[in-house]
Amino acid sequence: MAPQTRGLSFPKVVIERDSDSEESSSEEEDLEEEEEAEVENDAGEESDEGHVEEKDEPSTSTKSRREPITISLKKVCKVCKKPGHEAGFRGATYIDCPMKPCFLCKMPGHTTMTCPHRVATEYGVAPAPFKSTHSSMEYVFERQLRCRISAIKPTFVIPNQVNCAVIRYHSRRVTCLEFHPTRNNILISGDKKGQLGVWDYLKVHERTVYGNIHGCILNNMKFSPLNDGTVYGASSDGTVSSTDLETGMSLTLVNLNPDGWQGPNSWRMLYGLDMNFDKGILLAADNFGLFYMVDTRSDNIIGKPILIHKKGTKVTGLHCHPLQPDLLLSCGNDHFARIWDMRRLEAGASIYDLPHKRVVNSAYFSPQTGSKILTTSQDNRLRVWDSIFGNLDSPSREIVHSHDFNRHLTAFRAEWDPKDASESLVVVGRYISENYNGVALHPIDFIDVSTGQLVAQVMDPNITTISPVNKLHPRDDVLASGSSRSIFIWRPQENFELKRPRDESRIVLCGKGEKYRKGKFQDDSDDDLDNDAYGSKSSKTKKPNLKSKARGFKQKR
DNA sequence: AAACCATGATACC
DNA sequence: TGGTATCCCTGGTT
């Protein structure tokens with residue numbers, strides 16, 4: 001395995017960040033120097049010592065003077081619009097704007113690069129070794145060391161290697177994943193278009209996508225506890241569906257927009273979905289703060305909708321307690337997670353309100369005893385309440401973790417490991433990237449929420465996109481992750497090294513792969529063809545390979 | 001290679 | 001309170 005360049009890139013970066021003048025930075029990297037020289041040449045040709053303001057000239061005058069619209073020649077930070085520094089990728093390392101609060105922990109005074117939370121997940125949760133230090137170098141060093149150590153606790157088995165995948169499986173980004181409750185190798189997936197995928201990841205090539213179930217985002221899915229061939233879905237088209245996985249036949253149980261599109265103020269979207277198996281009713285919640293109970297036999301909404309979150313705000317999730325059928329957990333855009341008693345479900349009657357600083361993407365009871373609560377909030381913090389029977393006034397722990405909101409990404413949701421008897425292992429995708437061998441990768445983090453420690457961070461050189469959707473298998477040591485339109489299955493691998501050659505027959509390439517196939521491999525028939533998109537050694541066709549795909553990576557030539 | 005686009009929460013007035 | 005400008009690590013296509 002090639003020596004890691006992490007060690008090289010970070011110190012360099014730190015030096016550059018602190019420099020105000022561009023000259024000093026250019027001593028460091030020839031690459032940068034070249035780029036900047038070019039820019040300045042262009043500037044000369046245009047013979048306009050551009051002021052930023054110039055670009056606002058009306059287009060007519062610009063035309064008459066035959067001058068191209070002046071680009072601000074003074075380099076300006078794209079974040080704060082001030083000169084003297086620039087935010088953005090330098091190679092595979094992202095440089096924050098120093099004028100803004102830390103992108104990770106949202107506190108002012110430092111950048112992501114030197115954020116103590118980036119060094120140690122448990123910073124601020126439990127004493128961390130470098131807690132009182134203020135030297136960025138020390139943080140950086142600590143980080144490098146940390147990555148070398150395989151931080152896998154013996155008790156936790158971490159699926160750390162991609163075992164199989166379907167690349168560009170869905171036609172839009174993946175929004176949710178569920179493992180089949182009884183058939184071990186079946187994974188179902190929902191996407192932004194409302195389509196539902198069924199994939200047998202053991203027989204890698206066996207997969208289907210059902211397209212006619214929903215009109216837009218499939219936000220949550222839930223298997224029927226009575227019939228595991230049936231799955232329910234809640235969608236932003238305002239419907240709850242019931243789909244037979246074998247046939248793809250789908251029924252609409254509920255439609256909250258029977259009159260069609262009447263404008264955004266009336267269009268109702270369903271997000272949260274769960275099933276109360278005790279009563280045999282489906283629970284769903286919408287973007288106006290309302291909660292619905294659906295009788296799956298009569299397909300009727302039971303009673304009137306109940307306002308469970310601030311009027312007009314989205315309820316992002318619902319979760320029934322695994323043992324106490326009367327307990328319900330909800331979360332929403334009003335910055336609250338709420339615990340409810342199903343027997344007394346009415347507006348304002350929540351048992352507890354758990355406040356957050358931002359939108360709450362998800363809230364889950366712990367999977368086995370249901371005594372803990374885990375929430376993911378857009379303030380970049382995971383919160384854990386250790387006992388719902390104890391003091392709920394404040395969370396037992398807040399763990400700073402990068403899972404920011406981005407309108408183009410599926411919202412991150414930290415998920416419990418359903419197999420972990422200690423109910424402490426959690427998986428969650430990471431937004432900010434790490435520079436790995438000059439490639440920006442977004443790992444999937446395994447966090448021990450009892451300590452806040454990062455147990456493992458898994459990544460693959462070929463997955464350069466963010467993986468906001470993750471699910472751990474209820475029985476097997478398997479992780480499923482959804483990243484953009486693709487789905488990956490991870491399994492544990494000892495002595496795992498990134499870049500290890502892998503079994504390419506277990507990678508299915510869909511969609512645009514066809515193009516490559518026609519051009520380069522005049523191969524046949526159907527898209528089950530194994531491509532080398534994933535491979536390390538293979539031909540020049542490959543876009544998705546490290547270098548070409550790496551963000552901001554400039555190939556030296 | 002660069003431009004463009006899709007489009008949700010939020011800050012701010 | 002409501003309308004609206006704004007937006008930093010996106011991902012894909014033209």
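In what follows, chains carry the letters A, B, and so on, assigned in the order in which the sequence lines appear, proteins first and then strands, with residues in each chain numbered from 1.
Between A:Met269 atom CE and B:dG8 atom P there is a gap of 7 Å when expressed in whole angstrom units. In this structure, A:Asn361 places its CG atom 9 Å from P of B:dA9, rounding to the nearest Å. Here the C1' atom of nucleotide B:dG8 and the CZ atom of A:Arg173 are 10 Å apart, to the nearest Å. Taking atom NZ on A:Lys106 and atom P on C:dC9, their separation rounds to 11 Å, with Å as the unit. Look at CG on A:Asn287: it is 15 Å from C1' on B:dT7, rounded to the nearest Å. Put simply, CG on A:Leu441 is 16 Å from C1' on C:dG11, counting in whole angstrom units. Across the protein-nucleic acid pair, A:Met99 atom CE and C:dC7 atom P stand 15 Å apart, rounded to whole Å. Spacing between atom CZ of A:Arg172 and atom P of C:dT13 amounts to 9 Å, rounded to whole angstrom units.
Counting non-hydrogen atoms under 4.0 angstrom, A:Val359 reaches the backbone sugars and phosphates but no base. Counting non-hydrogen atoms under 4.0 angstrom, A:Phe103 reaches a base of the nucleic acid. Using a 4.0 Å heavy-atom criterion, one finds that A:Arg358 contacts the sugar-phosphate atoms exclusively. Using a 4.0 Å heavy-atom criterion, one finds that A:Lys314 contacts the sugar-phosphate atoms exclusively. Residue-level contact check: A:Asn333 touches the backbone only, with heavy atoms under 4.0 Å from sugar-phosphate atoms and none from bases.
Side chain to side chain, A:Arg173 and A:Thr410 meet the donor-acceptor criterion of an N or O pair below 3.5 Å.
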*Test side chain to side chain donor-acceptor pair (under 3.5 Å) on A:Arg338 and A:His309 and set out the steps.*
CA-CA 8 Å; A:Arg338 300 203 157 105; A:His309 282 272; 3.3 Å; yes
_Chi angles and distances behind the salt bridge (charged side-chain N to carboxylate O under 4.0 Å, His left out) call for A:Asp237, A:Lys193_ = CA-CA 10 Å; A:Asp237 65 7; A:Lys193 228 176 164 180; over 6 Å; no
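Distances shorter than 4.0 Å separate none of the side-chain N or O atoms of A:Ser484 from OP1 or OP2 on C:dT10. The phosphate of B:dT10 (OP1 or OP2) has a side-chain N or O of A:His335 nearer than 4.0 angstrom. Phosphate contact (OP1/OP2 of C:dC7, side-chain N/O of A:Asn406, threshold under 4.0 Å): absent. Look at A:Arg485 and you'll find a side-chain N or O under 4.0 angstrom from OP1 or OP2 of C:dT13. Using a 4.0 Å cut-off, no side-chain N or O of A:Lys78 falls inside it from OP1 or OP2 of C:dC7.
With respect to the salt-bridge test (charged N to carboxylate O, under 4.0 angstrom), the residues A:Lys222 and A:Asp274 qualify.
With a 3.5 Å ceiling on both atom-pair distances, the Watson-Crick or G-U wobble partner of C:dT10 is B:dA6.
The aromatic rings of A:Trp261 and A:Trp267 sit tilted relative to each other, their planes meeting at an angle between 30° and 60°. Taking the six-membered ring where the residue is Trp, A:Tyr94 and A:Phe89 present perpendicular rings, their angle passing 60° and hence far from 30°.
Nearest to the side chain of A:Arg407, among B:dT7, C:dC9, C:dT10, sits B:dT7. The A:Gln378 side chain lies nearest to B:dA9 when the options are C:dC9, B:dA9, C:dC8. Taking the side chain of A:Lys192 as heavy atoms from C-beta on, and the options C:dC9, B:dT7, B:dT10, the nearest nucleotide is B:dT7. The A:Phe405 side chain lies nearest to B:dG8 when the options are B:dT10, B:dT7, B:dG8.
Both thresholds, 5.5 Å between centres and 30° between ring planes, are not jointly met by A:His408 relative to the base of C:dG11, so the two rings are not stacked.
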